[in-house]
**Q** 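Dropping the structure in here first, questions after.
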Amino acid sequence: MSTLARTLSIQSGNIPQALSVSNGLGADHLTTSRTLSNTASPLQIFVRAKKKINDIFADIESYSEESFYFLEELPKNLANKGTVEEIGTYVKKLQAIRYVLSRDHMKCVFFGRTSNGKSSVINAMLREKILPSGIGHTTNCFLQVEGSENGDSYLITEDSDEKQNVKSVAQLAHALCTEKIGCSALMRVVWPKDKCPLLRDDVVFVDSPGIDVSPNLDEWIDKHCVDADVFVLVANAESTLMLTEKNFFHKVSSRLSKPNIFILNNRWDASANEPEYLEEVKKQHLQRSVDFLVNELKVISSKEEAENRVFFVSAKEVLQARLNEQKKVPIHSGIAMTEGFFGRLHEFENFEKQFEECISRSAVRTKFDHHTSRGKLIVSNIRMCMENIRETSLKKSEELQGQKVELSRAIEETERQMLLVTKEAKNRIRNMVEEVEIKVSKALSEEIRRLSALVEEFSEPFDSNLLVLNEYKKKLHKHVDYGLVTSLRSRLTSAVSMNIDSARKEMAAQIVNILPDSKKSTVQLPLDNRPFEVNYPFRCDNLCADFKEDIEFKFSFGVLTVVHRLAGNKLGYFSRLRNQNVEVSQSTAVTPMTPVIQTQSLMGTEEWSVISKFALATVSSQGAVGGLVIGGFLMKTIGWRLILGFGVIYSGSYLYQWLTWTNKSKEKTFKKQYVQHVTRQLRLVVDLISSNCSHQVQQELSSTFARLGSFVDNASVDMQDLLREVEKDIEVYESISNEAKKLRNKANFINSELQQFEEMFLQAS
């Protein structure tokens, strides 16, 4: 309904006469009308939208901080420094946005020439006389009226945070008069919200000096109008729109995109004095205002919409009526009742309704639309970042899973091949040990057979003196040791070393084939440059510890010598027979069922020893008697000439041997005895020496294989450590992926919340 139609309806009697002053129901009408207006106040849309957007941005801030801390803990290959810094800037931006949103309110700025009633209009809308108005009171600076959270009322100047207590309009007027401020300065008047419904709904009113008192309008616009949701031009109904007012709003329109402007023709109660010109004047004012909004400013597209932005009111009457309402007295008390009072009152209420719808819709759009878009952009960017991190983490996890499978297979294959190589190495070492034992035994036996030649090569001076002889034996021991070792080494070292080197290389090659490619280049084979030498564990001084030489002169044909020689031959023969019998008895003992053949006991060594001792004793005991008897017997039988000849020959032989028993003969006898003794001792230890040599070979090859095997063990340990690290990295990347997924889903939820906010508040507005 247009302004003209609304006025004609009111003045034509559509408002029931029951609202007449005489019956006193005017106050009830005003109260009922305002109560309904509060119940369905459009301002609650802004209040709900503000609460909703603040809750959403609290979630966005918490989400961005969570994302920032999450990114800070990530490896550099997932989130670079630039990404973390970008999310950090989002956190700071969101903190600033939340601060702005918490302070955002619906702002309405009132402009007009001096004394047009701007302060009265604000007071009427606030239902309380807050700002000084009327005769003698002119607003000389910008006054911002806003709600107080704690119920206190105070004044804050532009350059100070000091709160000056203000309890009444008189105190406020006095405070404003005492302050020396410029016309563009802002004074904040904080008033309890519970006294003014509009303040309770987060509406802020800004009163301004008259636009005709200062030429510096650009500063006013930049300082106080940029964040305004609605502009109210309070014009004097007793005059038309002035060029000053038009120029000001042209400047506003050039700075802001299609500002919301209401035009209030105040003091319309003066038209009641000239009722015959009422309609004509109203049409003129309406036409000029609509033309100004539509054609000049072009802030409204249609004439019908522009007519709903132009109102004819009397702020003074409305303020007094609402003060009477609060005092619970008839609303006309103290008011000079003129024609059309209730029509003007209804017009003001209609203005308030249009104002509330417009400022709520505009504030929601201007205050929250941009922030909503920024919030969606920030959340979308963080969501994209989380999605990239999730995908990268999954890709890394899949790659590590492949490495885990390969490492597990490599470890199993290495262990399997190592078992095979170990088994083969044991067989090779066993065969080589047996071969070396046989070679050493054979070589040592051959060296024993040529031991006499080795002893004959010893050419140190010989003497039967005990001290000299002991020194001679020591040197001979060393000579035999050196000769045997040298000969054995010359016969065995080359072949054994070649076999050992070959075995080493074969084992090393097999070990290298087992190792992973990454470890092959780091392996240093434990191969010596020198050939392996066997240490032969025998010393002649130990073998000959019980050797006792016999180099005293003994006649070859002496009775004792002959007896010993004969006894020795018999003993040797009987000893061989006894050894054969022992062997037969041992072989037959293998099968228990074989009958044991009883053989005649043969004469042992002890028996022959007794016989020889008896013969010698007999000869020595009878002495000359025996010799005479035997001599007489031989002389009768053979003849004395043969006996004499035999005696001469026997004596000559004795003399010859005695004369030729020199140091050389003694040395020869000594060496012969020494060879016989060493030969017997070496034959006893042939098996022991060959076994010891083979054990050395076994130790060498086993230690070589152990050192080579340590490379495989180390490689297996390294692969197992790497496997554990890979498994740990997989857990980390899976955890990162899950966390990034949660944050991505949280971004989806917040985006849906923002989308719902747009649909509920922004698109609906």
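Note that the structure is a prediction, hence the values are computed from the model and not measured. Side-chain atoms are counted along with the backbone in the values below, which use heavy atoms only and exclude waters and symmetry mates.
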**Q** Give, for atom OG of Ser441 and atom CG of Leu688, the distance between the pair rounded to the nearest 0.5 Å.
**A**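 Atom-to-atom, Ser441:OG and Leu688:CG are 11.5 Å apart.
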
**Q** Could you list the residues that satisfy side chain to side chain donor-acceptor pair (under 3.5 Å) with Glu437, not counting sequence neighbours?
**A**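 With neighbours one apart ignored, the set is empty.
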
**Q** If you measure from CG on Leu484 to CG on Leu444, what distance do you get to the nearest 0.5 Å?
**A**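 Rounded to the nearest 0.5 Å, the CG-CG separation comes to 7.0 Å.
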
**Q** Does the pair Leu708 and Thr704 meet the rule for a side-chain contact (heavy atoms from CB on, under 4.5 Å), with working shown?
**A** CA-CA 6 Å; Leu708 289 171; Thr704 300; 4.1 Å; yes

**Q** Please name all residues satisfying side chain to side chain contact (heavy atoms under 4.5 Å, CB included) with Glu506, sequence neighbours left out, ordered by chain then number.
**A**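 Partners of Glu506 under the side chain to side chain contact (heavy atoms under 4.5 Å, CB included) test: Arg428, Ser502.
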
**Q** I want to check something: taking the side chain as every heavy atom from C-beta on, are Thr89 and Glu85 in contact at a cut-off of under 4.5 Å?
**A**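 No, every pair of side-chain atoms sits at 4.5 Å or beyond.
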
**Q** Using 4.0 Å as the upper bound for N to carboxylate O, is an ion pair formed by Asp501 and Arg504?
**A**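 Looking at Asp501 together with Arg504, the answer is yes, because their closest N to O distance falls below 4.0 Å.
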
**Q** How far apart are the closest heavy atoms of Val675 and Leu451, and which atoms are they?
**A**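 Nearest heavy atoms, Val675 then Leu451: O-CD2, 4.0 Å.
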
**Q** Find the distance between CZ (Phe705) and CD1 (Ile429) and round it off to the nearest 0.5 Å.
**A**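 One finds 7.0 Å between CZ of Phe705 and CD1 of Ile429.
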
**Q** Quick check: closest heavy atoms across Ala410 and Thr414, and the distance to 0.1 Å?
**A**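 Result for this residue pair: O-OG1, 2.7 Å.
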
**Q** Between Arg724 and Glu727 (salt bridge meaning N to carboxylate O under 4.0 Å), is one present in this structure?
**A**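 Looking at Arg724 and Glu727, the cut-off is not met.
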
**Q** Going by an N to O cut-off under 4.0 Å, is there a salt bridge joining Lys395 and Glu391?
**A**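 Salt bridge flag = no for Glu391 with Lys395.
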
**Q** Are any side-chain N or O atoms of Ser702 and backbone N or O atoms of Gln699, one a donor and one an acceptor, separated by less than 3.5 Å?
**A**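 Between the backbone of Gln699 and the side chain of Ser702 there is no qualifying donor-acceptor contact (under 3.5 Å).
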
**Q** To check you understand the geometry: which heavy-atom pair defines the closest contact between Glu456 and Lys671, and what is its length?
**A**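 Closest pair (atom of Glu456, atom of Lys671, distance): O-NZ, 3.9 Å.
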
**Q** Are side-chain heavy atoms of Leu71 and Met386 found at a separation under 4.5 Å?
**A**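 Yes, side chains in contact.
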
**Q** Do Met432 and Val436 have side-chain heavy atoms sitting under 4.5 Å apart?
**A**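 Side-chain contact under 4.5 Å: yes.
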
**Q** Is the NZ atom of Lys473 crowded by more than 12 outside heavy atoms at less than 6.0 Å?
**A**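 More than 12 heavy atoms, drawn from other residues, nucleotides or ligands, come within 6.0 Å of this atom.
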
**Q** Hey, what do you get for OH (Tyr482) to CG (Leu454), rounding to the nearest 0.5 Å?
**A**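 Result: 11.0 Å between the selected atoms.
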
**Q** In chain order, what residues pass the side chain to side chain donor-acceptor pair (under 3.5 Å) check against Arg390, with sequence neighbours excluded?
**A**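 Listed in chain order: Glu387.
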
**Q** Taking Thr493 for its side chain and Ser490 for its backbone only, find out whether a donor-acceptor pair lies under 3.5 Å.
**A**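 Answer holds: no.
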
**Q** Ring pair (Phe, Tyr, Trp, His ring centres under 6.0 Å) with Phe70: which residues, sequence neighbours excluded?
**A**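 Ring pair (Phe, Tyr, Trp, His ring centres under 6.0 Å) check on Phe70 returns nothing, list empty.
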
**Q** I need the Glu447 CD to Thr679 OG1 distance, nearest 0.5 Å.
**A**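 The CD atom of Glu447 sits 12.0 Å away from the OG1 atom of Thr679.
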
**Q** Taking C-beta and beyond as the side chain, do Val496 and Asn499 meet within less than 4.5 Å on heavy atoms?
**A**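 Side-chain contact under 4.5 Å: no.
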
**Q** Is the side chain of Ser691 donor-acceptor paired with the backbone N or O of Asp687 at a distance under 3.5 Å, no angle test?
**A**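 No.
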
**Q** Under 4.5 Å between any side-chain heavy atoms of Leu488 and Val440, yes or no?
**A**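 Contact flag for Leu488/Val440 side chains = no.
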
**Q** Under the rule for side chain to side chain donor-acceptor pair (under 3.5 Å), what residues qualify as partners of Asp713, not counting sequence neighbours?
**A**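 If we apply the side chain to side chain donor-acceptor pair (under 3.5 Å) test to Asp713, skipping adjacent residues, there are no hits.
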
**Q** Would you check, one step at a time, whether the test side-chain contact (heavy atoms from CB on, under 4.5 Å) holds for Gln698 with Arg430?
**A** CA-CA 8 Å; Gln698 182 180 8; Arg430 183 174 59 254; over 6 Å; no

**Q** Could you walk me through whether Val686 and Ile448 pass the side-chain contact (heavy atoms from CB on, under 4.5 Å) test, one step at a time?
**A** CA-CA 10 Å; Val686 167; Ile448 290 174; 3.7 Å; yes

**Q** So, using ring pair (Phe, Tyr, Trp, His ring centres under 6.0 Å) as the criterion, who are the partners of Phe458 when residues are at least two apart?
**A**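 Once residues adjacent in sequence are excluded, the partners of Phe458 under the ring pair (Phe, Tyr, Trp, His ring centres under 6.0 Å) criterion are Tyr472, His479.
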
**Q** Side-chain contact test, heavy atoms from C-beta onward, threshold under 4.5 Å: evaluate it for Glu415 versus Met418 and give yes or no.
**A**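 SC-SC contact between Glu415 and Met418 ruled out.
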
**Q** What distance separates Leu419 CG from Ile514 CD1, expressed to the nearest 0.5 Å?
**A**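 Between Leu419 CG and Ile514 CD1, I get 9.0 Å after rounding to 0.5 Å.
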
**Q** Please identify each residue that fulfils ring pair (Phe, Tyr, Trp, His ring centres under 6.0 Å) with Phe547, with sequence neighbours left out.
**A**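 Phe670, Tyr674, His677.
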
**Q** Please test Cys544 against His477 for side-chain contact (heavy atoms from CB on, under 4.5 Å), starting from the C-alpha separation and ending with a verdict.
**A** CA-CA 8 Å; Cys544 297; His477 293 333; 3.6 Å; yes

**Q** Restricting to pairs with a member in residues 397-412, which pass side chain to side chain donor-acceptor pair (under 3.5 Å), not counting sequence neighbours?
**A**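 Listed by first then second residue: nothing to list.
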
**Q** What are the two closest heavy atoms between Tyr63 and Leu743, and how far apart are they?
**A**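 Minimum heavy-atom contact is OH-O, 2.8 Å.
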
**Q** Identify the heavy atoms of Ile382 and Ser67 that sit nearest to each other, and give their distance.
**A**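 Scanning both residues, the minimum pair turns out to be CG2-OG, 3.5 Å.
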
**Q** Please report the closest heavy-atom contact between Val712 and Leu515, naming both atoms and the distance.
**A**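 Between these two residues, the closest heavy atoms are CA-CD2, 3.8 Å.
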
**Q** How would you list, by chain and number, every residue that makes a side chain to side chain contact (heavy atoms under 4.5 Å, CB included) with Glu65, sequence neighbours excluded?
**A**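 For Glu65, the residues satisfying side chain to side chain contact (heavy atoms under 4.5 Å, CB included) (neighbours in sequence not counted) are Glu61, Tyr69, Val91, Gln95.
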
**Q** State which residues pass side chain to side chain contact (heavy atoms under 4.5 Å, CB included) with Glu471; sequence neighbours excluded, sorted by chain then number.
**A**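 Per chain and number, Glu471 pairs via side chain to side chain contact (heavy atoms under 4.5 Å, CB included) with Lys474, Lys475.
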
**Q** Do the non-hydrogen side-chain atoms of Arg680 and Arg683 ever get within less than 4.5 Å of each other?
**A**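 Result no, sub-4.5 Å side-chain heavy-atom pair not found.
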
**Q** Between Gln696 and Glu700, is the side chain to side chain donor-acceptor pair (under 3.5 Å) condition met? List the steps.
**A** CA-CA 6 Å; Gln696 294 178 42; Glu700 175 66 20; over 6 Å; no

**Q** With Thr392, which residues qualify under side chain to side chain contact (heavy atoms under 4.5 Å, CB included), at least two apart?
**A**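 So Thr392 forms a side chain to side chain contact (heavy atoms under 4.5 Å, CB included) with Leu78, Lys396.
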
**Q** State, with a plain yes or no, whether a side-chain heavy atom of Ile411 is found less than 4.5 Å away from one of Ser716.
**A**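 SC-SC contact between Ile411 and Ser716 ruled out.
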
**Q** Kindly write out the residues that satisfy side chain to side chain donor-acceptor pair (under 3.5 Å) with Ser735, not counting sequence neighbours, or none if the list is empty.
**A**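 With sequence neighbours excluded, Ser735 shows a side chain to side chain donor-acceptor pair (under 3.5 Å) to no residue whatsoever.
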
